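Working notes, structure below.
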Amino acid sequence: MTTSPLDRAADSFAAELARHRTGRGLSKKQLATMMGFDPSYVSHVEGRRHRPTEDFARRAEAVLEASGAIWQRYREYDELRHARTIPAHREPPPPGQWLPPGTGLIVEREIASLTHTDDGYRCVIRRELYNAGTEPVTRYLARVAVDRYPTDPGRSNRHHREHPLTFAELQLHAVREDGGEQEPMHWRAKHDRDAFKEIWLLFENGDRRFPLYPGHRATIEYAYQVGRDKWGPWFQRAVRLPTRHLAVRLDLPAELDPQVWGAETSLSAEEGPLRTPVHRRDEGGRAVFEWSTEEPPLNARYRMQWRFRSQPGVDPDETETGTPVRASDRMREFGIVQRGADLLRQPARQFDLPGQEPIARDVVDRLTAALAKLDELHPFSKGVGLAAPQLGLGWAAAVVRPPDRSAEPVVLLNPRVVDAAPDTDEQYEGCLSFFDHRGLVPRPLRLDVEHARWDGSRMITSFEFGMARLVAHEVDHLDGRLYVDRMAPGVPLVPVEEYRETGHPWRY
């Protein structure tokens with residue numbers, strides 16, 4: 001039986017999707033959830049029971065970061081299906097950029113400026129937006145994060161608990177430009193934490209509403225200020241929407257003799273230097289450092305760092321005594337229980353659900369908050385998990401975050417492994433409880449785990465590849481085991497300084 005070119009194109013799309021999904025260590029259900037589809041949808045597409053749609057292809061490309069491969073397979077399929085035209089009021093995303101789930105916004109140009117003032121730092125973010133979606137946009141999410149001691153998270157956490165960032169001191173001000181005229185935008189707080197704020201900038205004010213309609217453009221600008229007691233020597237930009245041009249500008253006093261450098265990281269690459277140099281120019285007693293990039297990939301992060309050489313202080317890579325900070329010491333200061341503690345060798349206590357649901361929710365909230373803060377310490381491109389005993393809590397709860405930071409974390413309550421694939425592989429693992437080393441650990445390629453819902457009922461979830469490894473690692477913690485117990489006899493641990501796979505996802 002011969003197949004049609006259209007069928008072959010659909011098969012090619014399904015095969016490309018499956019290749020990138022398994023490469024990221026995701027199950028079909030996990031990918032569907034991350035994309036915002038019914039859990040069975042990816043299975044139906046890969047099984048050729050559903051034909052791909054444009055929305056599905058764009059979301060798959062965005063979540064899997066397939067460098068255009070999935071999108072290309074879809075275009076080949078779609079061109080065979082029918083002659084397709086793009087409506088005049090919409091523009092396609094620029095090459096290499098894909099609309100992430102739930103949004104049609106494109107940042108055509110972003111200019112982020114940070115100025116050293118007598119009182120601290122003033123930040124101004126200017127974004128030129130284009131609505132390439134099908135619905136009006138009525139709000140825009142802005143984030144403000146501070147970190148006084150970026151290389152010493154424990155010290156920073158203590159500092160910000162004692163001196164929390166407040167909305168009052170930010171003096172946040174936002175405007176929308178249209179035709180050269182500015183009008184204020186109201187804003188509403190979404191999250192309020194000691195060192196992190198999320199703010200909805202609203203396309204409205206006391207006089208009127210001005211949604212950003214499909215096919216229209218708008219420029220928004222927001223500004224805030226932070227005192228030097230809360231702002232460390234770094235300025236980071238994260239690419240969360242398709243962006244065509246990103247520019248960063250630092251304005252520092254020349255008399256302080258600033259030295260500036262930069263780094264970049266993403267979900268698929270470890271931290272490395274910026275690909276292009278930072279340029280300096282001096283004017284009026286100020287040292288202005290500028291850097292820009294075209295078509296930055298989604299989820300990339302760019303960090304500018306500096307040191308004032310005329311005011312030498314503690315080296316950012318050392319403690320106050322000048323001793324180099326070990327990775328395990330940073331984790332210990334962060335609050336992670338370290339190897340050697342009795343709690344890590346004891347089976348965790350099971351929750352009695354639903355009676356102990358409030359306790360379980362509190363434990364999970366603490367795990368989730370700790371994982372969010374750990375993002376500032378390490379890229380965790382392979383994904384990351386945290387078990388309650390690692391926070392000094394002897395309960396059977398763990399939270400596992402997939403490699404895609406936008407995906408919902410997996411919550412495991414009272415978990416137990418009920419089945420595992422006979423096929424295994426060996427990959428290097430790290431552990432927050434002894435982060436100075438990496439170890440080569442054999443794990444099954446598939447793991448079926450029974451775990452509890454909040455109401456006490458049980459469910460079984462199947463995990464594959466990278467997620468199976470992450471989940472197995474955390475279930476071991478709850479059983480009082482560490483990954484060294486799984487390693488083959490005689491296989492040595494690798495010091496993190498010699499480990500060469502940091503920032504690289506596991507390969508399957």
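Just so you know, these numbers come straight off a predicted model, no measurement behind them.
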Is a donor on one side and an acceptor on the other found under 3.5 Å between the side chain of Asn131 and the backbone of Leu212? yes
Taking the inter-plane angle between the rings of His473 and Tyr483 on a 0 to 90° scale, is it parallel (under 30°), tilted (30 to 60°) or perpendicular (over 60°)? tilted
Would you say that Glu450 contacts Ile460 through its side chain, given a criterion of any heavy-atom pair below 4.5 Å between the two side chains? yes
Heavy atoms of Leu80 and Ala9 approach each other most closely as CD1-CB, 3.7 Å
Check this for me: does any side-chain nitrogen of one of Arg443 and Asp425 sit under 4.0 Å from a carboxylate oxygen of the other? no
Answer yes or no: is there a side-chain heavy-atom contact under 4.5 Å between Lys230 and Glu169? yes
Hey, does Val494 have a side-chain heavy atom less than 4.5 Å from the side chain of His437? no
So that I can tick it off, tell me whether Arg19 and Glu16 are bridged by a salt bridge, with the cut-off set at under 4.0 angstrom between side-chain N and carboxylate O. yes
Given side chains that start at C-beta, do those of Pro495 and Asp436 come closer than 4.5 Å, heavy atoms only? no
When rounded to the nearest 0.5 Å, the distance separating CZ of Arg143 from CZ of Arg237 is 10.5 Å
Closest heavy-atom pair and its distance - Tyr428, Leu440: CD2-N, 3.6 Å
Apply the test side chain to side chain contact (heavy atoms under 4.5 Å, CB included) to residues Asn414 and Arg458: give CA-CA distance (whole Å), side-chain angles for both, the deciding distance (0.1 Å), then the verdict. CA-CA 9 Å; Asn414 299 345; Arg458 306 285 291 182; 3.4 Å; yes
Any idea how Trp231 and Tyr224 line up, ring-wise: parallel (<30°), tilted (30 to 60°), or perpendicular (>60°)? tilted
Identify the residue among Phe167, Tyr222, Trp200 that makes a side chain to side chain contact (heavy atoms under 4.5 Å, CB included) with Trp187. Phe167
Using only atom types and a distance under 3.5 Å, with no angle test, would you say the side chain of Thr368 pairs donor to acceptor with the backbone of Val364? yes
Which heavy atom in Ala468 sits nearest to a heavy atom in Leu447, and how many Å separate them? O-CD2, 3.9 Å
Please examine the side chains of Ile199 and Leu141, heavy atoms only from C-beta on, and report whether any two atoms are closer than 4.5 Å. no
Would you please test Arg345 and Leu482 for side chain to side chain contact (heavy atoms under 4.5 Å, CB included) and show each step? CA-CA 8 Å; Arg345 287 303 190 178; Leu482 300 176; 3.8 Å; yes
In Å, rounded to the nearest 0.5 Å, how long is the span from OH of Tyr130 to CZ of Arg244? 8.0 Å
Grab the two heavy atoms, one from Ala387 and one from Glu474, that are nearest each other, plus how far apart they are. N-OE1, 3.2 Å
So, taking the atom named CG in Leu17 and the one named CG in Leu31, what distance separates them when rounded to the nearest 0.5 Å? 6.0 Å
For residues 346-359, which residue pairs pass the salt bridge (charged side-chain N to carboxylate O under 4.0 Å, His left out) check, not counting sequence neighbours? Glu357-Arg361
For residues Gln30 and Gly25, report the shortest heavy-atom separation together with the two atoms involved. OE1-O, 4.1 Å
Side chains of Leu165 and His160: closer than 4.5 Å at any heavy-atom pair? no
Short question: side chain of Ser156, backbone of Tyr149 - any donor-acceptor pair under 3.5 Å? yes
Would you give the length of the straight line joining atom OH of Tyr74 to atom CD of Glu61, rounded to the nearest 0.5 angstrom? 13.5 Å
Say whether, by atom type as modelled, one donor and one acceptor occur between the side chain of Thr22 and the main chain of Ala18 under 3.5 angstrom. yes
Can a donor-acceptor pair be found, under 3.5 Å and without considering hydrogens, that links the side chain of Asp455 to the backbone of Ser457? yes
Roughly how far, to the nearest 0.5 Å, is the CD atom of Glu110 from the CG atom of Leu129? 9.5 Å
Decide yes or no on side chain to side chain contact (heavy atoms under 4.5 Å, CB included) for Leu367 and Leu393, but give the supporting numbers first. CA-CA 10 Å; Leu367 291 169; Leu393 309 170; 5.6 Å; no
Can Arg339 be said to sit on top of Phe434's aromatic six-ring, NZ or CZ under 6.0 Å from centre and within 45° of the ring axis? yes
Closest approach of Phe210 and Glu204, non-hydrogen atoms and distance? CZ-N, 3.4 Å
With no hydrogens and no angle check, is any side-chain donor or acceptor of Gln338 less than 3.5 Å from a backbone partner on Leu432? yes
What do the steps show when you test Arg486 against Glu429 for salt bridge (charged side-chain N to carboxylate O under 4.0 Å, His left out), and what is the final call? CA-CA 11 Å; Arg486 300 282 188 182; Glu429 293 183 17; over 6 Å; no
Assess whether a salt bridge exists between Asp11 and Arg73, defined as any Lys/Arg side-chain N lying under 4.0 Å from an Asp/Glu carboxylate O. no
Measure the shortest side-chain to side-chain distance between Leu413 and His451 over non-hydrogen atoms and say whether it is less than 4.5 angstrom. no
Intermediate values then yes/no, side chain to side chain contact (heavy atoms under 4.5 Å, CB included), Leu386 and Ile336: CA-CA 9 Å; Leu386 187 61; Ile336 304 296; 3.9 Å; yes
In this structure, CD of Gln350 is separated from CG of Leu478 (nearest 0.5 Å) by 8.5 Å
Asp362 and Arg366, any side-chain heavy atoms less than 4.5 Å apart: yes
Side chain to side chain contact (heavy atoms under 4.5 Å, CB included) partner of Glu464, the single match among Arg469, Lys29, Arg21: Arg21
Check this for me, if you would: do Arg446 and Asp419 make a salt bridge, where the nitrogen-to-carboxylate-oxygen distance has to be below 4.0 angstrom? yes
Heavy-atom neighbours of Arg209 CZ exceed 12 at 6.0 Å: no
Flag, side chain of Thr138 to backbone of Phe203, donor-acceptor distance under 3.5 Å: no
